[in-house]
Amino acid sequence: MITQNTNSDLAQRDTNVLWHPCTQMKDHEAWPPIAIKRGEGVWLEDHNGKRYLDAISSWWVNLFGHANPRINQAITDQLGTLEQVMLSGFTHEPVVRLSERLVALSPKKLQRCFYADNGSCAVEIAMKMSFHYWLNKGKPNKKRFVNLANGYHGETLGALSVCDVPLYKKTYGPLLLDVITAPSPDCYHREAGQSWEDYSRQQFTKMEAILSEQHDEICAVIVEPLVQGAGFMRMYHPIYLTLLREACDQYNVHLIADEIATGFGRTGTMFACEQASISPDIMCLSKGITGGYLPLSTVLTSEDIYQAFYDDYTELTGFLHSHSYTGNPLACQAAHATLDIFEQDNVIENNKTLAELMRTTTASFEDHPNISEVRQTGMILAIEMVKNKPSKEPFPWQERRGRKGFQYAMEQGVLLRPMGDTFYFIPPYVINEDEIKLMSKVALESIDHAVKGG
Ligand SMILES: *Cc1c(COP(=O)(O)O)cnc(C)c1O
């Protein structure tokens, strides 16, 4: 018997057996999941042959398009040699060479790579490492984390504890660590005429106060450098990171840079921290690290942190954390192919042209009566849809207008997935001029459609 795999067949079978991430499953009664059959470059194609421009890089992971021939080849080559080996007591060439490359590429203080297989786990590792470092140094009281309002660091309980997005966090409050939350440097609410730099500086005063008063009980500050991704792509000025680095040094507190979303060129530099000329003590990478192919994450740390764990086994100071698929060779080869493309194609430089095209094709959007801001940092551009422009009052969230915009954009063949009423682009770097124009045109039409109420 030949089964016809159409969108509706698959959607039907799906809803019998699956439970999807970040989804109220009842929504699928009205909006069945879209069954994707294949991808090529910036395009995804469903089982009915309809194509969608992947303007959000499949949840921000894809860098060089779907079915990229160079990444495909690298994984295929590795597949015939070694698919997986445990990384405890064993090693392999792809992970050794990847670590050498990441250490060379990253801010200079970062000298060691610890691997896991997703972003949330990288954050868990960073948190455990920081706490454990201070414990090994005879400072067991340093066990609290400082995060930023509106920050996002993943969904596992430790990572969720340092998040500040109520939609994901509030329900699980009783299970979470007690963290200290500093106001966000996010510039959306700055005064009219105030510069990003001035606003981010002003927001730092509270962080400074927290560190100066409570540093004895604080092990680390965790931030998403420059762009708060899941916090509606809010953005801030690099000065905040510069000031934070100084304060963390002054008060003996680790700085954890969560570059899971911002890393690998998203903000216009390889890592966002470069724009503030700082080295964090710990840096988390995932998402784009494999070009969006396979799960992999890395926690880079300073030699100082590494040395605090290094002793005779019987001292029991080692970092005994592990995950089964840590440093998977296939994922490492995908990462190599990704880094090769960065080198061979001069990606960071060429992205400046793409970022400029994103800017010019959306330049007039701020004149729209329901768009309160268009903001951009490198290859990330966000458009804020509001009910009332002067007051920035949002539409009631229950109206789900962003969702209406999403539906409309999909009909037009563009995958935009607004967070609330924030529309954003975070496209693969292989997008071309015509595709950027299409993405921008459809975004504006989708906002018009959503404003009208769908
Ligand atoms: C996506 C994300 C995470 C979580 O990564 P997962 O692989 O989804 O667990 C953590 N931090 C930031 C900044 C992210 O954008």
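Atoms within a ligand are numbered from 1 in the order they appear, just like the ligands themselves.
- Atoms of ligand 1 lying under 4.0 Å from any heavy atom of His153, numbered from 1 in the order shown and given with element: 10 (C), 11 (N).
- Residue Trp60 has no N or O atom closer than 3.5 Å to an N or O atom of ligand 1.
- Those atoms of ligand 1 with a heavy atom of Gly154 less than 4.0 angstrom away are 4 (C), 10 (C).
- Residue-level proximity to ligand 1 for Ile260 is carried by the side chain, the only part with a heavy atom below 4.0 angstrom.
- A distance of 6.0 Å or more separates the ring centres of Tyr293 and Phe64.
- Donor-acceptor pairing under 3.5 Å is recorded for the side chains of Asp54 and His66.
- Formation of a donor-acceptor pair under 3.5 Å by the Glu124 side chain with backbone atoms of Gly158 is found in this model.
- By the 3.5 Å distance cut-off applied to N or O atoms, Asp258 is counted among the residues near ligand 1.
- At least one test fails for Arg375 against the ring of Trp196: distance under 6.0 Å to the centre or angle within 45° of the axis.
- The protein does not reach atom 8 (O) of ligand 1 closely, with no heavy atom under 4.0 angstrom from it.
- Taking every non-hydrogen atom of Ala261 and a distance limit under 4.0 Å, the qualifying atoms of ligand 1 come out as 15 (O).
- A side-chain donor from one of Asn7 and Asp46 sits under 3.5 Å from a side-chain acceptor of the other.
- Where the criterion is an N or O separation shorter than 3.5 Å, residue side chain and backbone included, Lys287 meets it with respect to ligand 1.
- Between Tyr133 and His254, the ring-plane angle classifies as perpendicular under the 30° and 60° cut-offs.
- Each of the atoms 4 (C), 5 (O), 6 (P), 9 (O) of ligand 1 lies under 4.0 Å from some heavy atom of Ser120.
- Short contacts between ligand 1 and Asn118, defined as distances under 4.0 Å to a heavy atom of the residue, involve ligand atoms 7 (O), 9 (O).
- For the atom pair Ile282 CD1 and Ile125 CD1, the distance stands at 10.5 Å (nearest 0.5 Å).
- Using a 30° and 60° split on the angle between ring planes, Phe319 and His321 fall in the parallel class, below 30°.
- Taking distance alone, with nitrogen or oxygen atoms compared against 3.5 Å, Gly119 approaches ligand 1 more closely than that limit.
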